[in-house]
Amino acid sequence: MADYELRIAHLYGDLMNTYGDYGNVIALKYYAEQIGVKVSYTLVSLGDVFQANAYDFVLFGGGQDYEESVTAKDLPNKADQLKAYIENDGSLLAVCGGFQLLGRTMEFADGSIIQGIAVMTHHTVNLNSTELRDDMRGKRLIGNIQIKNNQTGENYHGFENHQGRTFLGPGEQALGTVISGNGNNGDDKTEGVIYKNVYGTYFHGPILTRNGNLAKRILKNALSRRYPKIDWQNKLAAIVSETF
Ligand code: GLN
């Protein structure tokens, strides 16, 4: 039996999983099991209680505008516990729609604006917003993307497809600087967000399978919070990871 456990919550995994975001769980499990850590998985969806102290890692995936609007109605019920989790250094990966909903506001393609739960300070406008310069409007941001993480110097690779344009707010830094592709808004060269142990990104699907270095970093954060006396960095350094 494994001595250690990583408890994963997949927020709205039955709604916000359009691009196979669940693959991020599989990637973390792949690395965790190699260092003797057992992974448990809980789907936390509409009407369920999210309890902050029950989890070591949370995945909040992306979705199309309809699924995102359904999720947005339920999310305020979980906002207090989610905020407690995040402020208490909980590890979380939010992809695309999930990333948008953790911020202040989100504007859908049809122009309707909803409140995010504002546990973080970014906001998102739609592709035709008057907040955007003329040359930034009108098209979805689709294609391969490569970014450089400024803390580690690592490059991350992915694929983006979003209409929303996100602008980071106070206290937030980008996951990376855009080398090629569009990123948060196609203009300021930021992609994604880092806030405490929260990583947000527009990279579709299993970002962690393509970026093993980021998977190991997130795993180290999550396990160090739960088991602070263990040198997880050292254990993870022994595992081969791939980036492609
Ligand atoms: N519906 C959102 C948008 O188009 C998010 C899309 C996504 O999660 N890929 O901006």
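Ligands are counted one by one from 1 in listed order, and the atoms in each one are counted from 1 as well. Note that this is a predicted model, so its numbers are computed, not measured.
- Using modelled atom types, one side-chain atom of Gln81 and one backbone atom of Ala52 make a donor-acceptor pair closer than 3.5 Å.
- Less than 4.0 angstrom separates some heavy atom of Asn161 from each of these atoms of ligand 1: 9 (N).
- Of the polar atoms of Gln64, none of the N or O atoms is found under 3.5 Å from an N or O of ligand 1, judged by distance alone.
- Partner of Leu92 under the side chain to side chain contact (heavy atoms under 4.5 Å, CB included) criterion, out of Tyr195, Tyr85, Tyr55, Tyr199: Tyr85 alone.
- Remark: distances from the non-hydrogen atoms of Met16 to ligand 1 are all 4.0 Å or more.
- Short contacts between ligand 1 and Glu68, defined as distances under 4.0 Å to a heavy atom of the residue, involve ligand atoms 1 (N), 2 (C), 5 (C).
- Put simply, the side chain of Asn128 never gets that close to the backbone of Arg137: no donor and acceptor are under 3.5 Å apart.
- For the atom pair CG of Leu223 and CG of Leu236, the computed distance is 7.0 Å after rounding to the nearest 0.5 Å.
- For ligand 1, none of its N or O atoms has an N or O atom of Tyr202 under 3.5 Å away.
- Short contacts between ligand 1 and Arg140, defined as distances under 4.0 Å to a heavy atom of the residue, involve ligand atoms 4 (O).
- Taking distance alone, with nitrogen or oxygen atoms compared against 3.5 Å, Gly63 approaches ligand 1 more closely than that limit.
- Judged by distance alone, with hydrogens and angles left aside, the side-chain atoms of Asn185 form a donor-acceptor pair with the main-chain N or O of Asp188 at under 3.5 Å.
- Summary of contacts: the protein heavy atom closest to atom 4 (O) of ligand 1 is Gln163 N, 3.1 Å.
- For atom 9 (N) of ligand 1, the closest non-hydrogen atom of the protein is Cys96 SG, 2.7 Å.
- With atom 10 (O) of ligand 1 as the reference point, the heavy atom nearest to it among Ala94, Gly98, Gly164, Gly62 is part of Gly164.
- A donor-acceptor pair is defined here as one N or O able to donate and one able to accept, closer than 3.5 Å; no such pair exists between the side chain of Glu154 and the backbone of Leu214.
- Leu168 pairs in a side chain to side chain contact (heavy atoms under 4.5 Å, CB included) with only one of the listed residues (His122, Gln173, Met120), which is His122.
- Under 4.0 angstrom from ligand 1, the non-hydrogen atoms of Tyr19 all belong to its side chain.
- For atom 1 (N) of ligand 1, the closest non-hydrogen atom of the protein is Asp65 OD1, 2.5 Å.
- Remark: the backbone N or O of Phe108 is not paired with any side-chain donor or acceptor of Ser112 at under 3.5 angstrom.
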